[in-house]
Amino acid sequence: VTADTRIVTAPSVYLLSKQTLLQPQLDRFLADHGVAWQTDTEVAAEVVTETAGRVCYMSFAKPRPGGNAAYLDHIKEVAHGSVFEHAVWTFLITGISRTLTHELVRHRAGWAYSQLSQRYVDESVAEYVEPDIIADDPELHALWIDAVRHAHNAYVKLVDAINLKLLPRQCRRCFGEGDVRFTCSGEGCVNGTVYSRFLPPDADTTARRKTARQAARSVLPNATETKITVTANARALRHFLEQRGRVHAEPEIRKLTNVMLDILQADSPNLFGDYARRPLPDGTAELTTPYRKV
Ligand SMILES: Cc1cc2nc3c(=O)[nH]c(=O)nc-3n(C[C@H](O)[C@H](O)[C@H](O)COP(=O)(O)OP(=O)(O)OC[C@H]3O[C@@H](n4cnc5c(N)ncnc54)[C@H](O)[C@@H]3O)c2cc1C
């Protein structure tokens, strides 16, 4: 958009953490209760959810055939989804728009969020996320670039202008002509210095910048790129994949569900393997499952 800004069209998803199983603790529990049981998966999330489910009925002694996959499929069938809340993943997601995160944070139960602050972080080097339908068409792309550039430049100018207004000003009446700039009315003048009513008198440079950025960001577009760390459990993730991976969902967030499902299916086929992808003309895929909202 300008020399220091960049356009992004796809999210980057970093799997920051996932569970580990403390096998000796599970073995100790089994020994304490006189049962021998071993599941056939090494994925911690799958062992933990199966263990949690089996504790409900103490069904370790005579497991039905089919191993962990069959057990977790049964949980999906009977929608005993609270068991899936024991499995969690943490993703760091970048290259997504504020539009997307506004939709993402509507998902409440079972989610934790930490998002880049537009009050602390200077957006004068922001990236912008361009919707595919616009990027695909030169005429729409030109219109979009123009709008984003306009907003971006307004933000940069506003930050500087607000910063200046927030500086304490010395009054000519008290300090004489010198290098001072204005004559105050007397109101708010403390020993010849007038402070902005929008900032405490003892505010430091960081506080001043934050005050400027938080007001100037009001002109930034929804397309502004953001970064967010999310931790969510398997039940919450499944609900998210179903709602936001639907054909009716916004394409940018559907694109994100496609990437997250790739990671989750590779990591835990027994918890997420039931999802199928139906390719859509826009290049994303609709996610479907026979087990909706477990
Ligand atoms: C295609 C699409 C279009 C949308 N359009 C709009 C729109 O125009 N305007 C708008 O405001 N939103 C819109 N949304 C957002 C939608 O209304 C939900 O806020 C969002 O999808 C989160 O869904 P949820 O509440 O089921 O999920 P979560 O908050 O993750 O909750 C998961 C489940 O937990 C239970 N739950 C959570 N909190 C409560 C609670 N407080 N009380 C009782 N049960 C609870 C519910 O069973 C819920 O389904 C849209 C979503 C989609 C997918």
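In this chain, residues are counted from 1 in sequence order. Indexing begins at 1, ligand by ligand and atom by atom, following the structure's order.
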Of all protein heavy atoms, the one nearest atom 32 (C) of ligand 1 is His239 CD2, 3.7 Å
Nearest-neighbour protein heavy atom for atom 17 (O) of ligand 1, which is reported as residue plus atom name and distance:
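Result: Arg106 NH2, 4.1 Å.
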Protein non-hydrogen atom below 4.0 angstrom of [atom] present:
atom	answer
atom 35 (C) of ligand 1	no
atom 25 (O) of ligand 1	yes
atom 41 (N) of ligand 1	yes
atom 45 (C) of ligand 1	no
atom 7 (C) of ligand 1	no
atom 53 (C) of ligand 1	yes
atom 49 (O) of ligand 1	yes
atom 15 (C) of ligand 1	yes

Angle class for the His152/Tyr155 ring planes (parallel below 30°, perpendicular above 60°, tilted otherwise)?
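If you compare the ring of His152 with that of Tyr155, the planes turn out tilted.
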For atom CD of Gln38, decide whether the heavy atoms of other residues, nucleotides or ligands shown that lie under 6.0 angstrom number more than 12.
no
Looking at residues at least two apart in the chain, or sitting in another chain, which of them share a ring pair (Phe, Tyr, Trp, His ring centres under 6.0 Å) with Phe272?
Trp89
Which ligand 1 atoms does Lys293 reach within 4.0 Å, using its non-hydrogen atoms?
46 (C), 47 (O), 48 (C), 49 (O)
Does an N or O from Arg108, backbone or side chain, lie closer than 3.5 Å to an N or O of ligand 1?
yes
Heteroatom proximity flag, His248 to ligand 1, N/O under 3.5 Å:
no
From Ala109, Ala236, Gly81 - option closest to atom 31 (O) of ligand 1 by heavy atom:
Ala109
Would you mind finding which of Gln243, Arg244, Arg254, Glu103 brings a heavy atom closest to atom 23 (O) of ligand 1?
Gln243
Expected output: side-chain [X] to main-chain [Y] donor-acceptor under 3.5 Å:
X	Y	value
Lys18	Ala44	no
Arg244	Glu103	yes
Tyr275	Arg238	yes
Glu50	Thr39	no

Identified side chain to side chain contact (heavy atoms under 4.5 Å, CB included) counterpart of Ile228 within the set Val105, Leu92, Thr94:
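Of Val105, Leu92, Thr94, side chain to side chain contact (heavy atoms under 4.5 Å, CB included) with Ile228 is met by Val105 alone.
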Can you run down the ring-ring contact (aromatic ring centres under 6.0 Å, His included) pairs that involve residues 51-71, sequence neighbours left out, and say none if there aren't any?
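Pairs touching residues 51-71 that pass the test: Phe29-Phe60, Trp37-Phe60.
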